[in-house]
Amino acid sequence: MCGRYSLALPLSLIQQMLADDGVETEDAALDGSSEAHHQTYNFAPGNNGVVCRANASSSGVEIKGKCHFASDNKSPREGSSNLEGRDEVIKYNLQSMKWGILPSWSKQNDAPNRGVINCRDDSLRTTGGMWQSIKARKRCIVVAQGFFEWLNVSGKEKRPYFIKRKDGHLMCFAGLWDSILHQDAGTRTYTYAIITTDSNQQLRFLHHRMPVIFDAGSKEFHQWLYPLQQRWTDDLQSLLKPFQGELDIYPVNRNVGRVGRSSPSFIVPLIQNDDEHGIIHFFPKISDSSTAEKPETPDETRKCESDDEHHLVSSSSRRYLPERTESPKKHEAESCYTPPSKKRRTKPAPQGIQRITDFFGQTQRDK
DNA sequence: CCAGACGTTGTT
DNA sequence: GTCTGG
DNA sequence: CCAGACGTTGTT
DNA sequence: GTCTGG
């Protein structure tokens, strides 16, 4: 499952929402070689998504490079003493990567859309295969607003549904990434896959598979990303379970099936009329003033092309308007996200780091 | 030893 | 039916 | 994941 | 890259 999802949020808002869940992230725009993510309600394989991964450093010294020795599998350097100190710092980076994983050894460097978009949780249980090296050292979190599933109605019609968290927080998929080096150009392409498992009870009426979903900032989230864990374990395997929280699941504008289109109507419930053609949808508000929208016309269902520029605004999310300080992008999306009831985020929470140490007080190493 | 596979989904 | 593009 | 293409000729 | 099949 999960061959399409929604990601119509600017990076600044994603960072803010993660921060509200206790995850402080940095924008890993590496050497600038990575393009910005594709901001769309209709995110498809081959698009550039937002991926979170973790790096460990000690006393401000990056040890990520040293970790690469682990691939030698016999390296005496793994577990060198500076990996064991309690002063290790885990940094979370957001990076733009292409959906559809291509293993580093893949020969289809040039094949644009050949990557594998999903990874079954049970195929990670066995050794060997294309995942074996990836699952040990290249785990990540894939950020989304929610995902789509299509229900086959009487063998003919397909009806798209949107699935999101009931609490409105970001959906964090368990993922795996890899990269390919293009010898000639000297560039590197990063790609990722989303891990799937059995559907939970709530989703089962639609499909039998669903992505593995973590709560941002949860123990599972940190454990999955923990960069010093470079060996596949039962503990990691046991994280890959059907989502136990509550979901919102509802039919949406069927045009989400049409590739390349994007509209906020794709993540808003359809309102179905008695009239068989009278399928209209619920348009709370449009931030774009240009097009004269007529939310209540049945016509509206067809009127959703080229509207990456239309974005949902709800009054409750106004405070989540991105600060337009450094990123004067034209069309930044807002969301229906309701911030934590607590209070606005205060400080980067050194507690987050503290807690991580609690989770992994005992540093694990490779074999 | 080398050559070839290495994946998921759904549908039947 | 099957492949490609998004 | 789904939707859409799947082709050639000649003419401008 | 690493494992399997022949």
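Lettering follows sequence order; numbering is per chain, from 1.
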Hey, is the side chain of A/Trp131 poking within less than 4.0 Å of OP1 or OP2 on B/dT8, counting only N and O atoms?
-> yes
Can you tell me how far P in D/dG7 sits from the matching atom in B/dC6, rounded to whole Å?
-> 29 Å
Return the orientation label for the A/Tyr5 and A/Trp99 ring planes: parallel under 30°, perpendicular over 60°, tilted otherwise.
-> tilted
ring centroid sep under 5.5 Å plus plane angle under 30, A/Phe148 with D/dC2 = no
Sticking with atom P, work out how far B/dT8 lies from D/dC1, rounded to a whole angstrom.
-> 12 Å
A/Asn93: partners by side-chain contact (heavy atoms from CB on, under 4.5 Å), with sequence neighbours left out = A/Glu26, A/Ala28, A/Asn55
Judged by modelled atom types alone, do A/Tyr161 and A/His207 share a side-chain donor-acceptor pair under 3.5 Å?
-> no
Do A/Ile141 and A/Leu236 share a hydrophobic cluster, counting only Ile, Leu, Val, Met, Phe, Trp and Tyr and linking them when any side-chain heavy atoms are less than 4.5 Å apart?
-> yes
Quick one: is C/dG6 close enough that its OP1 or OP2 comes under 4.0 Å of any side-chain N or O from A/Arg4?
-> no
What's the NE2-P distance between A/His208 and D/dC1, to the nearest Å?
-> 9 Å
For atom CG of A/Leu176 and atom P of B/dT8, their distance in whole Å | 11 Å
Dot-bracket summary - DNA chain D, pairs being Watson-Crick or G-U whose distances fall under 3.5 Å, with | when paired to another strand | ||||||......
Mind checking whether A/Phe148 and A/Phe162 have parallel, tilted or perpendicular rings, split at 30° and 60°?
-> tilted
Quick one: is B/dG10 close enough that its OP1 or OP2 comes under 4.0 Å of any side-chain N or O from A/His207?
-> yes
Nearest to the side chain of A/Gln132, which nucleotide is it out of C/dG6, E/dC3, B/dT8?
-> E/dC3
Between P of B/dT9 and CD1 of A/Ile194, the distance in whole Å | 11 Å
Could you give the CG-to-P distance, from A/Asn42 to D/dC2, as a whole number of Å?
-> 12 Å
Does NZ or CZ of A/Lys158 lie under 6.0 Å from the centre of the six-membered ring of A/Trp150, at an angle within 45° of the ring axis?
-> no
Nearest-nucleotide pick for A/Met130, side chain only, options being B/dG7, B/dT9, C/dG5 | B/dG7
Aromatic rings A/Trp224 and A/Phe214: how do their planes relate, parallel, tilted or perpendicular, breaks at 30° and 60°?
-> tilted
Ignoring backbone atoms, test whether A/Arg120 places a side-chain nitrogen or oxygen under 4.0 Å from the OP1 or OP2 oxygen of B/dT9.
-> yes
Separation of D/dC1 atom P from A/Tyr161 atom OH, nearest Å, is 18 Å
Check side-chain contact (heavy atoms from CB on, under 4.5 Å) between A/Ser123 and all other residues, then give those that pass, not counting sequence neighbours.
-> A/Cys119, A/Arg120, A/Trp131
Nearest-neighbour nucleotide for the A/Lys158 side chain, B/dT8, C/dG6, D/dC2 considered | D/dC2
For B/dT9, does either OP1 or OP2 sit under 4.0 Å from a side-chain N or O belonging to A/Arg209?
-> yes
May I ask you to evaluate whether A/Ser123 reaches the phosphate of B/dG7, defined as a side-chain N or O under 4.0 Å from OP1 or OP2?
-> no
Quick note, A/Arg114 side chain, CB onward, closest among C/dG6, C/dT4, B/dT11 is C/dT4
What is the distance, rounded to the nearest whole Å, between atom CH2 of A/Trp232 and atom C1' of E/dG1?
-> 18 Å
Which of B/dC6, D/dA3, D/dC1 is nearest the side chain of A/Arg258? It is D/dA3
Please state whether the phosphate of B/dT8, meaning OP1 or OP2, lies under 4.0 angstrom from any side-chain nitrogen or oxygen of A/Thr196.
-> no
Passing option when A/Asn48 is tested against A/His38, A/Glu35, A/Lys98 for side chain to side chain donor-acceptor pair (under 3.5 Å) = A/Glu35
Gap between atoms CZ and P, on A/Arg254 and D/dC1 respectively (whole Å) | 20 Å
Rounded to the nearest angstrom, tell me the gap between atom CH2 in A/Trp99 and atom P in C/dG5.
-> 18 Å
What distance, rounded to whole Å, do you find between the two C1' atoms, one in B/dT9 and one in C/dC3?
-> 16 Å
